[in-house]
Amino acid sequence: MKNKITLLLLFIVTSVSAQLERFEGFWYSNETSYNVLITHNSHNDLLTIDSFSFENNTLVKESIKHTNNNELTTVSMSEDDWSLLIKYTIINDTIMKAALTGSITTTLTYKKLFN
């Protein structure tokens, strides 16, 4: 019984890790000057999200609030006093939607440039 539970937990952890890796990569959108870089550390199974703009010369750190299967929810606050709740949804291996609410409400489509 212990072996079955251990195998089940290992399978669940592996499945969650594989889902998080789908977010990993460099994402860009024609709808905004902000790009998104998502990195996944497989050793501790953590994601890091950085939004940045070469045009505005800014970097915005995002704090992850929730993850599940194909969705990732973050909160970001800038030095310019705007705040956003962002819900990223993986559509397929190269397309991701970002629903922004807060200081602005819009939905952006991101394309993956590379992993």
Taken in chain and number order and not counting sequence neighbours, the residues that satisfy side-chain hydrogen bond (donor to acceptor under 3.5 Å, both in side chains) with Lys97 are Thr109
Report the residue from Leu100, Leu85, Val60 that forms a side chain to side chain contact (heavy atoms under 4.5 Å, CB included) with Ser76.
-> Val60
Heavy atoms, side chains only, cut-off 4.5 Å: are Tyr34 and Thr58 in contact?
-> yes
Donor-acceptor pair, side chain of Ser103 and main chain of Ser83, under 3.5 angstrom | yes
Kindly indicate, with the supporting measurements, whether the criterion side chain to side chain contact (heavy atoms under 4.5 Å, CB included) is fulfilled by Asp93 and Arg22.
-> CA-CA 7 Å; Asp93 289 341; Arg22 292 184 69 194; 3.8 Å; yes
Residue pairs passing the salt bridge (Lys or Arg N to Asp or Glu O under 4.0 Å) test with at least one member in residues 54-69, sequence neighbours excluded, are Asp50-Lys61
Partners passing side-chain hydrogen bond (donor to acceptor under 3.5 Å, both in side chains) against Ser53 (at least two apart in sequence or in another chain) | Ser33
Side chain to side chain contact (heavy atoms under 4.5 Å, CB included) partner of Tyr88, the single match among Ile64, Val36, Leu108 | Val36
Is the distance between the ring centroids of Phe52 and Phe54 less than 6.0 Å?
-> yes
In chain order, what residues pass the side chain to side chain contact (heavy atoms under 4.5 Å, CB included) check against Asn92, with sequence neighbours excluded?
-> Thr94, Ile95
Working to the nearest 0.5 Å, report the span between CG of Leu59 and CG of Asn35.
-> 11.5 Å
Can you name the side-chain hydrogen bond (donor to acceptor under 3.5 Å, both in side chains) partners of Thr106, sequence neighbours left out?
-> none
Nearest heavy-atom contact between His40 and Glu21 is ND1-CG, 3.2 Å
With His66 via side chain to side chain contact (heavy atoms under 4.5 Å, CB included) - residues at least two apart = Asn68, Thr73
Could you tell me whether the side chain of Trp27 reaches within less than 4.5 Å of the side chain of Lys111, counting heavy atoms only?
-> no
Within a strict 4.5 Å, meaning less than it, do heavy atoms of the Leu72 and Ile49 side chains meet?
-> yes
Rounded to the nearest 0.5 Å, how far apart are CG of Leu113 and OH of Tyr28?
-> 6.5 Å
Would you indicate whether the side-chain heavy atoms of Thr48 and Ile38 approach each other to under 4.5 Å?
-> no
At what distance, to the nearest 0.5 angstrom, does CD of Glu71 lie from NZ of Lys87?
-> 4.0 Å
Side-chain heavy atoms of Trp82 within contact of Ile104, under 4.5 Å | no
